[in-house]
Amino acid sequence: MRPGRPLVRFLCSGAATAALAAPLLAVPASAATTPGQVPDVLPAPAAGVTRIQIGAFNDFHGRLEAPEETDDGNPVGGAAQLAGVFDAMRAKNPNTVVVSAGDNVGASTFTSFIQQDAPTIAALNAMGVAVSAAGNHEFDRGYADLTDRIGVQGKPGANGANPLAAFPYLAANVLEADGSHALPSFATTEVGGIRVGFVGVVTQQTVSLVAPAGIQGLQFTDPVAAANAVAAQLSDGNPANDEADVVVLLAHEGSSGTDCATVGTQGAFGKIVQGASPQIDAIVSGHTHLRYDCAFPVAGRSVQRPVVSAESYSTAVDNLVLDVDTTSRQVVAAGHQVLPVEGFAPNAQVQRIVDDAVAYADEVGRKPVGSITADITRAFSGGDDDRGKQSPLGNLIADAQLQQTEAAGAQIALENPGGIREDLLYAQSGTEGDGVVTYAEAAAVQPFANSVVTMTLTGDQVRQVLEEQWQPAGSSRPFLALGLSKGLFFTYDEAAPAGQRIRSVTLDGAEVDPAAQYRVTVNSFLASGGDNFTTLADGTDRVELGRTDLEAFTAYLGLPENQRLAPDTELRYAPAAAVTPVPTAPPTSTAPVAPAPAPVPTQRPSRTAVAAAPSGPLASTGTDVAPWLAGGAALVLAGGLLLTAARRRRAV
């Protein structure tokens, strides 16, 4: 495969849009799959027809180990079995190419995270991934990390360094400030004598899903216009700018539902399905972690266009089969199925990579960092984590960051709910004993390893940050409930106009002075305006103490006074109408109440002083973990993104 050259300019996007009628599933419900087998999705090809096969996955998120199992205990997914599926596809049809729709890394399990996802990229290389779209999580560590460390061209990166990825990352709709392409737009390869062009795009929401500082200067443009421009280039008959017989769109954007009627019509992804040029033969998607297998009529074409998504975490793959007339170079038949990754023989080479990563992670991750008396969790609704509600765990993390940055004058700390990806559970996860918090468990809670930033905001700005919990119109989540450090409390009126919902803000019982200055600690994602908390980007007198949010969390958990830590379930906000005077004696109810109006100190009392830990560059090979209960002075050095083995499915 040769990486595509960046487009010099976008071509006109006036290509005819797809004519959508009633969508059809390509494989009837009766065509059940047999575990460990790749089914036939089309009759045998006619003479003069070349059959090519595309094995695709999306949102792998470093799931080196199987994230699920069947009722009888057999693994579902995992890198080695995922590679085994592609081995089976190649055995069935040598004209097979393997691709990804993005989010290969980031929000990964501890096994991958602890080595900054290097084992995951090694596994993808070993299973023969030919090309990938860039997902939003590929930008979690910033654009420079993607281009220089991970690598986007499948060849030596900055200063001749060898990148991790042996395959190109594509994003036609990501531009530099001057309008040039920040990443390759497409890549082409020969499959059975048929030239296939892959075009990549990433969700425009990336700007609010990753730390803005890491993508400063980049533009995330309309994916439909970008994809159509590249498809036109690959189909214009000019070999000087690359040509392709078949064009496949790898879109890191997806449907919010699995019904094909809504897949093709609703939201940002519906616009991609409707607006994609007829020159695009198939759409492989991801991002929303859903499974759908659809096909839609396209104006001027006799073959419906497949639109597929293989859920997430390697639990399924898209088996996409295209029959191409060898004379006209047109697709004359398309078959597809979303195939469960179950019952396939694991690839031995990939299994060795996984085993080595597991052994390393087990050694580092089992070290204890603290203890708890009960589960300390995120907020939940209907069994899924709910970022629209304040949680005991979010408040605990804010407490930890406040205590760890008091040397920088911190009075307030805030934590975004999207930065919390797992719960602290009382039950042991290994052999450490109930109530013991291991490094792996703490790292799963605080996965993004952002740096901790303390800044100055006015009281009015603090109030505005709290207003920004109500997200802009069109956001995927209308409200994001910040974790608040102890002593900070606000009341609100949900029915008030936007920008006027916060009714009161108090710190240690005293009303926050709009004109006064306050020292506020947040993670670097929030500090640069992430999750649409744009006011935080205006903070002044910034201090970074050279430690990550994970370091602050583990240090706090290690303090002697924080052993056998109990969950604090009392909310730190309340509806304005619900606020009543608070009696002098502490309330016995856990219902949210406003702080007592009695006079209290205007400054937070000092807490146990903690010596600053040494800081240094993050190593890609692992981390050092301080002994448990070492006075909280030693901190954990780590980097990357993680999630523990998935107990619930969640998107983004």
Side-chain angles (χ1 to χ4, degrees), residues 1-11 15 50-57 86 89-90 93-102 104 124-125 127-134 147 151-156 163 165-174 180-202 223 226-252 276-285 305-306 318 320-332 334:
M1 169 171 290
R2 51 195 175 93
R5 296 187 298 274
L7 293 176
V8 175
R9 59 186 175 86
F10 281 127
L11 306 181
T50 297
R51 173 163 293 176
I52 64 174
Q53 186 169 237
I54 299 171
F57 63 98
F86 300 138
M89 285 186 172
R90 294 183 181 104
N93 182 358
N95 298 331
T96 295
V97 60
V98 175
V99 300
S100 168
N104 301 318
L124 299 186
N125 291 339
M127 69 180 69
V129 172
V131 63
S132 177
T147 58
V152 299
Q153 295 281 7
K155 61 184 181 181
F167 52 86
Y169 270 102
L170 312 178
N173 66 323
V174 181
S180 62
H181 284 265
L183 299 174
S185 299
F186 67 93
T188 56
T189 187
E190 296 282 347
V191 183
I194 302 299
R195 193 161 183 78
V196 182
F198 293 97
V199 182
V201 294
V202 63
N228 287 350
V230 180
Q233 176 186 340
L234 294 175
S235 307
D236 65 3
N238 180 8
N241 61 14
D242 283 299
E243 290 298 293
D245 303 316
V246 173
V247 178
V248 177
L249 176 59
L250 304 177
H252 193 74
S277 162
Q279 295 159 326
I280 294 173
D281 295 284
I283 300 175
V284 176
S285 62
R305 177 162 54 205
D318 302 310
L320 177 61
V321 177
L322 302 176
D323 283 352
V324 183
D325 186 285
T326 54
T327 301
S328 68
R329 302 300 206 184
Q330 297 295 310
V331 174
V332 294

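All values below come from the heavy atoms of this structure, side chains included, with hydrogens, waters and symmetry mates left out.
No side-chain N or O of S328 forms a donor-acceptor pair with one of Q330 less than 3.5 Å apart.
With rounding to the nearest 0.5 Å, the separation of CG in N241 from CG in D236 is 4.5 Å. How far CG of L249 is from CD1 of I283: 5.5 Å, rounded to the nearest 0.5 Å. Between the CG atom of L234 and the CZ atom of F186 there is a distance of 5.0 Å, given to the nearest 0.5 Å.
Looking at residues two or more places apart in sequence or on another chain, you find a side-chain hydrogen bond (donor to acceptor under 3.5 Å, both in side chains) between R51 and D323. Looking at residues two or more places apart in sequence or on another chain, you find no salt bridge (Lys or Arg N to Asp or Glu O under 4.0 Å) involving D318. Residues forming a side-chain hydrogen bond (donor to acceptor under 3.5 Å, both in side chains) with D281 (at least two apart in sequence, or on another chain): R301.
With a 4.5 Å cut-off on side-chain heavy atoms, T50 and V191 do not count as touching. At a threshold of 4.5 Å between non-hydrogen side-chain atoms, the residues P184 and V152 count as touching. At least one side-chain heavy atom of V202 sits under 4.5 Å from a side-chain heavy atom of N173. Residues L124 and F57 form a side-chain contact, since some pair of their non-hydrogen atoms from C-beta on lies under 4.5 Å apart. A 4.5 Å side-chain heavy-atom check between F198 and T189 finds at least one atom pair inside the cut-off. Looking only at side-chain heavy atoms (C-beta outward), N95 and Q53 stay at 4.5 Å or farther from each other. F167 has its side chain out of reach of V98: every pair of non-hydrogen atoms, C-beta onward, lies at least 4.5 Å apart.
The residue from L170, L320, V131 that alone fulfils the side-chain contact (heavy atoms from CB on, under 4.5 Å) condition with V99 is V131.
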Margin query: Run I280 and V199 through side chain to side chain contact (heavy atoms under 4.5 Å, CB included) and show every step you take.
Written below: CA-CA 9 Å; I280 294 173; V199 182; over 6 Å; no
Notebook entry, point to check: Could you go step by step and tell me if V97 and V196 meet the side chain to side chain contact (heavy atoms under 4.5 Å, CB included) rule?
Noted result: CA-CA 10 Å; V97 60; V196 182; 5.7 Å; no
